[in-house]
Each structure stands twice: as C-alpha cells, then as structure tokens.
Amino acid sequence: MNRAQFLKIAFAGSAVLTTTRSFGFGQAEGPFKLAPLPFDAGALEPHIDKATMEIHHDKHHKAYVDNLNKAVAMPENAAMAKMSIDELVKSIDAKTPAAVRNNAGGHWNHTFFWNTIGPKGGGMPKGALAEAINKKFGSFDAFKTEWGKAATTRFGSGWVWLIKNGNEVDITTTPNQDNPLMALAEKKGTPLMGLDVWEHAYYLKYQNKRPDYVAAAWNVYDWDKIGKNF
Ligand code: MN3
C-alpha cells in the first residue's frame, strides 16, 4: 500500500467513525437520506407481512443508503456526492465502482418501490396507462401473465419493471440492484412500476414460493401512483 492509498482508507474510516458517533440512532451522515415508509409497515397485510416490511425498509434499504454514503465519502467518488439520486443512477455505467452501482441502485429502487405500492393497492390501471398496457399486451390479464413470467424467471436476485419509452410500455428485468434508468441497462426506459424479487422481499412469509409472492403483489400495486408515473 502506498501513502496515497493509506490516506484514502484512513480518511474514509475516520469519516465513518465520526458520523456514526454523532447520530445516536445510527443513520450515517451523508448526502443521501432514508425516508420513512409512506404507509404503516403492517398496512399491506396479509399480502406482504409487517415483519418483512420492517426488515426490508429499516435494515435492507437503510444499509443501501448508509453504504452509498460511505462510498461517496471516498475522495475518488466526491463528484457523486453532489448529485441527486436520480442523476447518480442515470450516470451509472460499466466503469462505476460496484459499491456505488449496487447501493445507489438499491436506494433508488426501494424508494421507488415504496411509492408505487400501498394499502390502497389492487384493482386495475385506468386511463392512458390502461390503454398503453392494452395496446402492448392485448389485455390487463395478458400483461399480468407476462409480468408473472418475467418475475418468476428472473434468475437469482433482481427486479422486474414496467417501463415507458414515449407512450409505449414494456416489461424488463434487471439483476441485483440495477435498473432501467442506468446508462448500462440493456433495455432502458422510465420505470412506472417495479417488483423486488430478492428473497429478502418475501422469504419470511412465502419461503421459496416466489410465484405466490408475485401473485399476492397484485393486491398492493397502487394504480393511482403508477398512473402518475406514466
Ligand atoms: Mn429489497
């Protein structure tokens, strides 16, 4: 290790120690913040259980935010600390450090997810979004079938997305915490809705039965919120 590398590591280490000490409740200081869930953790019962929602938001999502703040505290990532989370995610390409790619994606994806599901979920899309879905897939039921296929065949951890390009919608999936806004995405578009198919999103209640979780999620998609994304 040369002196520059040592100083970088020492600097990052001391920054983390200082910020952890100054916040009693353990949210590390940094430009990126964890917002509270926009609904009660138990509000999606019985479709998504309270314990899963608490762990998912308070532990998993928080870890992405904390680790993103640590990553942008590294001097070589300083420019990223000044970006909004949207700008940062859109800038992510194959050269972006993995700690930034994974944690910025994790933060964006979960924030988006919480704001497209809710206790008023279920039912069907309306208006222009419903028309775009029917135009692309033939019917809402046909869309549900395609979505279910994408969600259950995404190997390992990742997300399924409904995206928009112009007025056209499409389904895509991404591995890990990637998303369709990233510069490196194979299929780009503006996300309208997403489903987290990491095991942490469903394992407590559904264990290995991902298709049951994917089916239950139709009760929590909030079509008013998703329609506004269109
Ligand atoms: Mn998750």
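Every number for a ligand or one of its atoms is a count from 1 in the order of the listing.
At a cut-off of 2.8 Å, H110 coordinates the Mn ion (ligand 1) through an N, O or S atom.
H56 contributes NE2 and H200 contributes NE2; the angle these two atoms make at the Mn ion (ligand 1) is 100°, rounded to 10°.
Of the N and O atoms on the side chains of H60 and W198, not one donor lies less than 3.5 Å from an acceptor on the other residue.
Closest approach between the Mn ion (ligand 1) and any N/O/S atom of D196 involves OD2.
The side-chain tip of K164 points at the ring of F230 from less than 6.0 angstrom away and within 45° of straight on.
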Less than 3.5 Å apart, which donor and acceptor atoms pair up between the side chains of residues 183-195 and the rest of the protein, not counting sequence neighbours?
from, atom 1, to, atom 2, distance (Å)
K187, NZ, D170, OD2, 3.0
K187, NZ, I171, O, 3.1
K188, NZ, A183, O, 3.2

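Residues forming a ring pair (Phe, Tyr, Trp, His ring centres under 6.0 Å) with F113 (at least two apart in sequence, or on another chain): W159.
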